[in-house]
2 protein chains.
Amino acid sequence: MTSRGPGKRVRKAPAERRHEIVATAARVGLTEGLECVTLRRVADELGVRPGLVGHYFPAADALVAEAFTGATMAELDGLLPEPPAEGDGPTPAGVLRRFFTLISGTEFDDVSRLWLNARHLSRYRPVLREHVVAQELLWCRRFAGVITDGTAAGEFSCPNPWAAAARVLVAIDGASTYINTSAEHRAEPIATMPRTVAEAELGLPAGALGPG
Amino acid sequence: MTSRGPGKRVRKAPAERRHEIVATAARVGLTEGLECVTLRRVADELGVRPGLVGHYFPAADALVAEAFTGATMAELDGLLPEPPAEGDGPTPAGVLRRFFTLISGTEFDDVSRLWLNARHLSRYRPVLREHVVAQELLWCRRFAGVITDGTAAGEFSCPNPWAAAARVLVAIDGASTYINTSAEHRAEPIATMPRTVAEAELGLPAGALGPG
DNA sequence: TGATTTATTGGTCACGTACTCAATAACATT
DNA sequence: AATGTTATTGAGTACGTGACCAATAAATCA
């Protein structure tokens, strides 16, 4: 990809270089796993010497953590966009319908793998752990916000949006847990569960958040 | 632990040695993580040279996979014992009550970590992957068996035990996914969910599978 | 234009891993 | 008691990792 002859130096503004390092690390982490996010791997990807990446990230843990946050933050904004400050965005039910449609696609598989990856790796890497906790709470907060909006608009009936969001996320994360193993063996009962749980939590009839 | 002077050799029957290697690997994997299951680590634990472990497991992947199966198999038998061939064991509802009580305890945390660990690692290690798939299906089958028994006995009402078991396991695995990260931040809504899902799936009133 | 800062290079270091293989010693068999 | 089998050792290779540091060249500033 990015290759140039040896010795030829390209000097960039620190902010720009740092940003492209994190972006590359996020891409590697998302597609190949966070343990592939190493100084050498990212450097190769950028056509740069490992020492340079080490210069921006003296501790490799920080790079892995930022890679995770970068990838999941982008994904969250794609799945559950923050509602516009004022005026009329899409209806909460519409937002959720779109959300459940998107996470059913195979494009979401890499994201499932990334979360699984990060949650396990957090056992050993405290810096990553903090980032994962922050993202988990952010996703929950974002989802709870949609529920709150929908309840205010009379679309949903939900006494405790935060707890309901947490439970829907349990279903989503539980269903995506098998992504590397027996997912296809039990596809049918598993895949439909998150949407069903959401409908139950929001007091909606079965199928209300379904496609079409 | 097991230490003896250098050079002193203890020669054991292959079956016995192999068994103690797997048992040690299972213990290390359960308490410290499957990436700590290395030839050297297991050898140190046994007071033996790394080459010996390598002799029994020419590929380290196989050792990790067997360590996982050993640990989860023991756990399953502790949580959901296979019913006696004939005669009267405990009632299915009683079995499930006991099950949900046990997985609520902190002793189950290591098991949660192990599953998370194994499911991620399966991404890279095909041998482990097969073992994890087998265990996932076994747990599901075992759970479905209890549901089937309870339905036959008139305790439960469940049209599809296999699918119901799969969904309850989604709730359990989803709830335990946060064990290394934000588990304690959202303990309340998350911890109660598996039992609630089970009660709904089995047509039981809320709290029917609760403690006491 | 000359001086200064610093982004970038290139190399080294110690560590831990799996894997290989010849030599050895404990056991079993005759 | 001698022999054969093999479980076990000990040393070695090759690889990938994070961390460290002096030298260098590109950009900026005086």
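Atom set for the values below is all heavy atoms of this structure, side chains included, hydrogens, waters and symmetry mates excluded. Each chain gets a letter, A, B and so on, in the order its sequence line appears, and its residues count up from 1.
- Of the listed nucleotides (D/dA25, D/dG18, C/dC19), D/dA25 has the atom at the smallest distance from the side chain of A/R9.
- A/R123 has no carboxylate O lying under 4.0 Å from a charged side-chain N of B/E35, or vice versa, which leaves the two without a salt bridge.
- B/R40 has its CZ atom 14 Å from the P atom of D/dG12, to the nearest Å.
- Ranking C/dT17, C/dC19, C/dA7 by closeness to the A/L52 side chain, first place goes to C/dA7.
- Under a cutoff of 6.0 Å and an axis angle of 45°, B/R186 and B/Y178 form a cation-pi pair.
- A straight line from CZ of A/R11 to C1' of D/dA27 spans 5 Å, rounded to a whole angstrom.
- A/E16 has its CD atom 14 Å from the C1' atom of D/dA27, to the nearest Å.
- At the phosphate of C/dT8, OP1 or OP2 sits under 4.0 Å from a side-chain N or O atom of A/R17.
- Side chains of A/T24 and A/E45: a donor-acceptor N/O pair is absent below 3.5 angstrom, by distance only.
- For A/R49 and C/dG10, the shortest distance from a side-chain N or O to OP1 or OP2 is below 4.0 Å.
- Among the protein residues, A/A13 comes within range of no part of the nucleic acid, since none of its heavy atoms lies under 4.0 Å from any strand.
- When heavy atoms are screened at a 4.0 angstrom cut-off, B/P50 is found touching no nucleic acid atom at all.
- Atoms CZ (B/R18) and C1' (D/dT8) sit 17 Å apart, rounded to a whole Å.
- Of all heavy-atom pairs spanning B/N180 and A/R129, the tightest one is O-NE, 2.9 Å.
- If you take CG of B/L63 and C1' of C/dT17, they are 14 Å apart, rounded to a whole angstrom.
- Comparing atom distances between the B/L39 side chain and each of C/dC19, C/dC27, C/dA7 picks out C/dC19 as nearest.
- Phosphate contact (OP1/OP2 of C/dA7, side-chain N/O of A/H55, threshold under 4.0 Å): present.
- Note on A/Y56: a side-chain N or O is less than 4.0 Å away from OP1 or OP2 of C/dT8.
- Using a 4.0 Å heavy-atom distance criterion, A/G51 is classed as a base contact.
- If you take CD of A/E20 and C1' of C/dA7, they are 12 Å apart, rounded to a whole angstrom.
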